[in-house]
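Worksheet: the structure to be examined is printed underneath.
The analysis underlying the following values was restricted to heavy atoms, covering all of them including side chains, and did not include hydrogens, waters or symmetry mates.
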Amino acid sequence: MASAWELPADNETPCILLEPLHGETGEVLDFRWTSMNVPAEGWVRSLELGRHLSLWTLEGVVLVDVMACVRVLMRGVPHVGQVPGDAAGRQYVVVRHGEGLALWLLPRDEGRASDAQQAARERNARREVEEALARTEQTVSALREAEERYRLATRATHDVLWDWHFGTDRVRWDPGTGDAFGHATAVLDHQLGWWGARVHDDDRFRVVDKLVDFVASTGDVWKDEYRFQRADGSWAHVLDRGVLARDDEGRPVRMIGSMMDVTERTRELASMVEEARFRERFIGILGHDLRNPLNAIVLSARAQKRRGPLECTPEQHRQHAQRIESSATRMGNMIADLLDLTRARLAGGIPLRKGPMDLGVVCQQVVDELSAAYPERAIAVDVDGKAEGEWDAERLAQVLSNLVGNALEHGTPEAPVFLRCWAKGDHQVLEVQNPGTPIPEELRERLFDPFRQGEGEREQSRRNAGLGLGLFIVKEIVQAHGGIVEVASSEKDGTTFTVKLPRPPRPKVKAKASRGRTRTA
């Protein structure tokens, strides 16, 4: 039995503290003792009383009226009753104490004392009760003050304070100044299972099962970080901490803790980690990818200088010049990609210079350029109808060059690459399709991320291998135009990149215009 720590140790009047047990709808069904002083322990042991008040019977007679105790809790009016069958002829008095009750046993011995003596004895006993209650109230007041300080501190940090009672398996929330993650006030008093069902599936085993293991252990402080579902279905990253209280026999009684929303902190940490990775890859590019073409330029220039114009054959001279030109062009393309990346990250997007243009003409120009670079490959372009609009011609040529170039690099060598352009409602659609091995699904999710090749996907045999920024820049250019870019890939249909650009609606005409159709290979 746990002695009542609020009561003075030298008080000889037996006192038992009781807490109410509520039903599903909040009504009080019973009471059970939480603690008692030393004189009360002997009385409870001698009668072999259980923990619940409704079970306090002696030869079938109820010792304490439960309904009378309910009325004391609801109205605050003390109740005095006779303990049936008690050899000492004692009475009991029940008074409200905090959120529960205090039951005091008053001595009474009419056979050996006069009425005046008995009245004086009762007065003394009641005075002891009042003094003990006053001391208890001081302790309770100090506890309430400490709890209020904790609640204020909790509200200042927007934590959710929670209180888990093991007897009822109920958890009470105090959201402070927060909104309890958007959940209605009806769930501020819930069962533990309601909370566990809202822990993310990937975290539930680690959090819920480990909490159960912790309660079964001898520990008293628990802490974990996990994802918790808000009322709108989104996920909050929370830091949850709790302190477990046990009785004298080590059994868990109550656990109090706080749940802190650390979503912003988690996001900031993830952003810092991503920024560190970005800088590391950026430095790696400067130290590796740009060094290779620069070395080719330096070596070719040195060879040209060392041999001199008379010792160098025309073919060697041509090879050196071509190597210098191609390496410089490659470096220029890398630097242009890095500048576009910097603009996209720091300037809020890639700048555009829009003007009237014909997207069909740009498609043909890009195909002509790539056909010269890949003479052994077939590229088919299909422009269906008019393709005029207000766009940035140079940037869209960059988009098409990246998409068609990727299709040539990754598609089946003997199969053609298809470039299609047509109008659909208020949008102009560009589609680049190539047969070949489909893109793995896990790679498709981060296909448009910058430095994609820096994570192990670079193909060393690829012609004119770049920095892995091509598709990232494609997405940024398309989004700067207010459009979208999508990818679909399967074994049957190959890989298709689709770009949708907004365009002004076409003017209405009386007669249906025939649509031209050009096709080259």
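In this structure, the side chains of F214 and W222 come closer than 4.5 Å at one or more pairs of heavy atoms. Side-chain contact between C69 and L53 is present, with heavy atoms from C-beta onward closer than 4.5 Å. In this structure, T496 and T498 have side chains that are in contact, with non-hydrogen atoms separated by less than 4.5 Å. The side-chain heavy atoms of M260 and R241, taken from C-beta on, include a pair separated by under 4.5 Å. The closest side-chain heavy-atom distance from L447 to V487 is below 4.5 Å. Counting heavy atoms from C-beta on, the side chains of L352 and W391 never come closer than 4.5 Å. Side-chain contact check for E225 versus V238: every heavy-atom pair is 4.5 Å or farther apart. Here the side chains of T13 and L105 are not in contact, with every heavy-atom distance at 4.5 Å or above.
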Item to check | Verdict with supporting geometry, W164 and I256, side-chain contact (heavy atoms from CB on, under 4.5 Å) | outcome: CA-CA 6 Å; W164 177 17; I256 297 177; over 6 Å; no
Next on the checklist: Show, in sequence, the C-alpha distance, side-chain angles and deciding distance for H481 and L396, and conclude whether the side-chain contact (heavy atoms from CB on, under 4.5 Å) test is met.
Outcome noted: CA-CA 10 Å; H481 280 87; L396 290 185; 4.0 Å; yes
Item to check | W195/H190 under ring-ring contact (aromatic ring centres under 6.0 Å, His included): CA gap, chis, key distance, verdict | outcome: CA-CA 8 Å; W195 162 79; H190 54 262; 8.7 Å; no
Item to check | Steps toward side-chain contact (heavy atoms from CB on, under 4.5 Å) verdict (H52, W33) | outcome: CA-CA 7 Å; H52 292 79; W33 62 263; over 6 Å; no
Checklist entry - Can F497 and L471 be said to form a side-chain contact (heavy atoms from CB on, under 4.5 Å), step by step? => result CA-CA 10 Å; F497 284 87; L471 292 179; 4.1 Å; yes
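Heavy-atom contacts from other residues, nucleotides or ligands closer than 6.0 Å to CZ of R51 number more than 12. Counting heavy atoms of neighbouring residues, nucleotides and ligands inside a 6.0 Å radius, atom NZ of K210 does not exceed 12 of them. The number of heavy atoms from other shown groups lying within 6.0 Å of CD (E48) does not exceed 12. The neighbour count for K500 NZ, taken as heavy atoms of other residues, nucleotides or ligands under 6.0 Å away, does not exceed 12.
For V212, the side-chain contact (heavy atoms from CB on, under 4.5 Å) criterion is met by no residue, not counting sequence neighbours. When the side-chain contact (heavy atoms from CB on, under 4.5 Å) test is applied to T437, no partner is found at least two apart in sequence or on another chain. Looking at residues two or more places apart in sequence or on another chain, you find a side-chain contact (heavy atoms from CB on, under 4.5 Å) between H165 and D163, T168, R254. The salt bridge (charged side-chain N to carboxylate O under 4.0 Å, His left out) test applied to D392 returns no partner, not counting sequence neighbours.
Rounding to the nearest 0.5 Å gives a distance of 6.5 Å between CG of L192 and CG of L211. Atom OG1 of T495 is separated from atom CG of L403 by 12.0 Å, given to the nearest 0.5 angstrom. Considering CD of Q229 and CZ of R198, their distance stands at 7.0 Å, rounded to 0.5 Å. Between the OG atom in S35 and the CD atom in E19 there is a gap of 9.5 Å [rounded to 0.5 Å]. Atom CG of residue D65 and atom CH2 of residue W56 lie 13.0 Å apart, to the nearest 0.5 angstrom. Note that the CG atom of D240 and the OG atom of S258 stand 7.0 Å from one another [nearest 0.5 Å].
The stretch residues 479-493 participates, sequence neighbours left out, in no salt bridge (Lys or Arg N to Asp or Glu O under 4.0 Å) pair at all. Applying the salt bridge (Lys or Arg N to Asp or Glu O under 4.0 Å) rule to pairs touching residues 211-224 yields R206-D224, sequence neighbours excluded.
Remark: the backbone N or O of G26 is paired with a side-chain donor or acceptor of H22 at under 3.5 angstrom. At distances below 3.5 Å, not a single donor-acceptor pair connects side-chain atoms of H427 with backbone N or O atoms of V429. With hydrogens and angles disregarded, a donor-acceptor distance shorter than 3.5 Å links the side chain of R204 to the backbone of A197. Side chain of D30 to backbone of S54: a donor-acceptor contact under 3.5 angstrom is found. A donor-acceptor contact shorter than 3.5 Å is absent between the side chain of D203 and the backbone of V199.
Across all non-hydrogen atoms, the minimal contact from V253 to R246 is CG2-C, 4.1 Å. Counting all heavy atoms, side chain and backbone alike, G23 lies closest to L29 at CA-CD1, 3.7 Å. Taking both residues in full, the closest heavy atoms of G219 and L244 are given as O-CD2, 3.9 Å, listed atom of the first, atom of the second, then distance. Between H237 and T263, the closest heavy-atom pair is N-OG1, 3.0 Å. C15 approaches A40 most closely through the heavy-atom pair O-CB, 3.5 Å. Across every non-hydrogen atom of Q82 and Q91, the tightest pair is OE1-CG, 3.4 Å.
Ring planes of F228 and Y226: perpendicular class, angle over 60° (limits at 30 and 60°). Using cut-offs of 30° and 60° on the angle between ring planes, the pair W194 and W173 is perpendicular. Ring orientation note: the planes of H79 and Y92 are tilted relative to one another, at an angle of 30° to 60°.
Between D261 and R230 there is a salt bridge, with a side-chain nitrogen of the basic residue lying less than 4.0 Å from a carboxylate oxygen of the acidic one. The residues E476 and R395 are annotated as not salt-bridged, no charged nitrogen and carboxylate oxygen being separated by less than 4.0 angstrom.
When each of I477, L430, L501, I473 is paired with V399, the side-chain contact (heavy atoms from CB on, under 4.5 Å) condition holds for I477 and for no other.
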